[in-house]
There are 2 protein chains.
Amino acid sequence: MLNENPIPARLKAARKKAKITQKELGVKIGMEESSASGRMNHYEKGRHMPDIGTLRRMAQELNVPLNYFFCDDDLSAELACAIAKLNPEQQTKLLEDLAKQSD
Amino acid sequence: MLNENPIPARLKAARKKAKITQKELGVKIGMEESSASGRMNHYEKGRHMPDIGTLRRMAQELNVPLNYFFCDDDLSAELACAIAKLNPEQQTKLLEDLAKQSD
DNA sequence: CTGTATACTTAGCAATCCTAAGTTTTAACC
DNA sequence: GGTTAAAACTTAGGATTGCTAAGTATACAG
């Protein structure tokens with residue numbers, strides 16, 4: 001079975017890329033100094049599930065789209081980031097191209 | 001502020017496209033007849049947050065990727081679906097194309 | 001070995017969800 | 001417009017899960 005919860009792997013990858021610790025990330029998104037380490041570690045080990053607001057703050061801090069955390073593999077995760085950086089016109093054009101391709 | 005929870009809008013769109021009721025969707029993914037209507041409605045109204053396992057079963061039943069439920073607008077949601085249908089080779093090529101484009 | 005930074009674990013309380021039952025809305029039909 | 005059934009929605013409380021705070025383990029520099 002597929003890893004049920006994709007958040008741990010995504011979170012770790014994006015945090016490492018940003019070169020910050022679990023606690024630093026937690027504090028940056030508004031957690032208490034005293035609980036940031038434990039909470040962030042729970043999320044990264046998959047023991048607890050963060051709520052949407054927390055996910056959004058992490059996404060913003062790590063410069064990834066919210067849906068990044070729910071991608072099941074590295075490739076689709078990178079694609080999600082790349083697509084989030086396109087402007088709406090570019091996104092529309094890409095969607096049209098993909099639609100043609102699948103005919 | 002952006003709608004904090006994108007699930008309700010995505011869930012409704014995908015369910016309508018599949019032309020089934022809230023209860024039907026719930027039963028199809030293994031909920032009890034007696035509670036399927038209430039539970040699915042909670043999710044679609046944003047009152048409760050489904051767990052990852054439930055999200056996965058909904059995604060499979062509705063033929064969308066898991067990250068679809070966390071896209072913040074229709075355009076990126078459709079793109080997520082289109083990309084999920086590509087094979088890995090096509091995905092890799094697309095990622096390379098997007099990387100060039102952003103230089 | 002000692003001190004420090006980072007990662008990880010645990011347990012009880014607090015917050016949230018699941019269930020079951022009931023209510024409201026929608027839409028088709030006469 | 002009134003009737004009916006299906007669909008959508010709401011509520012309350014017991015059950016489940018997450019948050020917090022405190023502690024432990026590991027890695028590494030001095």
Side-chain angles (χ1 to χ4, degrees), chain A residues 1-64 66-70 74, chain B residues 1-64 66-70 74:
Chain A
M1 178 178 123
L2 216 50
N3 259 344
E4 175 162 286
N5 177 6
I7 293 177
R10 298 294 143 249
L11 183 52
K12 184 169 189 174
R15 179 179 65 79
K16 289 288 184 187
K17 195 170 177 183
K19 294 197 197 312
I20 56 178
T21 68
Q22 294 174 341
K23 179 175 180 178
E24 277 176 322
L25 178 54
V27 170
K28 275 186 183 226
I29 64 173
M31 291 178 183
E32 297 292 328
E33 282 271 347
S34 61
S35 63
S37 173
R39 283 184 69 183
M40 288 308 306
N41 189 261
H42 282 163
Y43 300 148
E44 205 163 301
K45 298 299 287 185
R47 182 182 298 260
H48 292 326
M49 178 80 177
D51 64 25
I52 291 273
T54 303
L55 281 167
R56 270 199 196 288
R57 287 189 290 278
M58 294 194 298
Q60 182 162 26
E61 189 61 42
L62 296 172
N63 195 33
V64 295
L66 178 65
N67 68 356
Y68 165 87
F69 292 120
F70 296 90
D74 294 348
Chain B
M1 175 180 123
L2 216 50
N3 259 346
E4 175 161 286
N5 177 5
I7 293 177
R10 298 294 144 251
L11 183 53
K12 183 168 189 174
R15 179 180 64 79
K16 288 287 184 188
K17 196 169 176 185
K19 295 200 196 314
I20 56 177
T21 67
Q22 294 174 341
K23 180 175 180 180
E24 276 176 321
L25 178 53
V27 171
K28 275 185 183 231
I29 64 173
M31 291 178 183
E32 297 291 330
E33 282 273 346
S34 61
S35 64
S37 173
R39 284 183 68 183
M40 287 308 306
N41 189 261
H42 282 163
Y43 301 147
E44 205 162 303
K45 298 300 287 184
R47 182 182 299 260
H48 293 325
M49 178 82 176
D51 64 25
I52 292 271
T54 303
L55 281 167
R56 271 199 196 286
R57 287 189 290 277
M58 294 194 298
Q60 182 162 26
E61 188 62 40
L62 296 172
N63 195 33
V64 295
L66 178 64
N67 69 354
Y68 165 88
F69 291 121
F70 296 90
D74 294 347

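Labels below follow one simple rule: chain letters A, B, ... track the order of the sequence lines, proteins then strands, and each chain is numbered from 1.
Following rounding to the nearest Å, I20(A) (CD1) and dA5(C) (P) show an atom-to-atom distance of 17 Å. One can place CE of M40(B) at 13 Å from C1' of dA7(D), the figure rounded to the nearest angstrom. Atom CG of N5(A) is separated from atom P of dT17(D) by 14 Å (rounded to the nearest Å). Distance CG (L55(B)) to P (dC18(C)): 10 Å, rounded to an integer number of Å. Between the C1' atom of dC17(C) and the OH atom of Y43(B) lies a distance of 7 Å, rounded to the nearest Å. To the nearest angstrom, P of dT9(C) lies 18 Å from CZ of R39(A). Between the CG atom of L25(B) and the C1' atom of dA6(D) there is a distance of 17 Å, rounded to whole Å. The interatomic distance linking R47(A) (CZ) with dA7(C) (P) rounds to 16 Å, in whole Å.
Projected onto DNA chain D by closest heavy-atom contact, H48(B) and R15(B) fall at different nucleotides, the more 5' of which corresponds to R15(B). Judged by closest nucleotide on DNA chain C, T54(B) is the one of S37(B) and T54(B) placed further toward the 5' end. Toward the 5′ end of DNA chain D lies the nearest nucleotide of K12(B), the other residue of the pair D51(A) and K12(B) mapping further downstream. In this structure, M49(B) and E32(B) both approach DNA chain C, and ranking their closest nucleotides by distance from the 5' end singles out M49(B).
At least one side-chain heavy atom of P6(B) sits less than 4.5 Å from a side-chain heavy atom of I52(A). Taking the side chain as every heavy atom from C-beta outward, M40(A) and L11(A) approach each other to under 4.5 Å.
Candidate nucleotides dC9(D), dT20(D), dA7(C) were compared by shortest atom distance to the side chain of N41(B), and dC9(D) ranks first. Candidate nucleotides dT19(C), dC8(C), dA7(D) were compared by shortest atom distance to the side chain of Q22(A), and dC8(C) ranks first.
Considering only side-chain N and O atoms, T21(B) lies nowhere under 4.0 angstrom from the phosphate OP1 or OP2 of dA7(D). Close to dC19(D), at under 4.0 Å from its OP1 or OP2, lies no side-chain N or O of S35(A).
Across all strands shown, K23(B) has no heavy atoms under 4.0 Å from either base or sugar-phosphate atoms.
Applying side chain to side chain donor-acceptor pair (under 3.5 Å) to E44(B) and the options R39(B), R15(B), R10(B) leaves one that passes, R15(B).
The nearest pair of heavy atoms linking K23(A) to A36(A) is O-CB, 3.8 Å. Y43(A) and M49(A) get closest at one heavy-atom pair: CE2-C, 4.0 Å.
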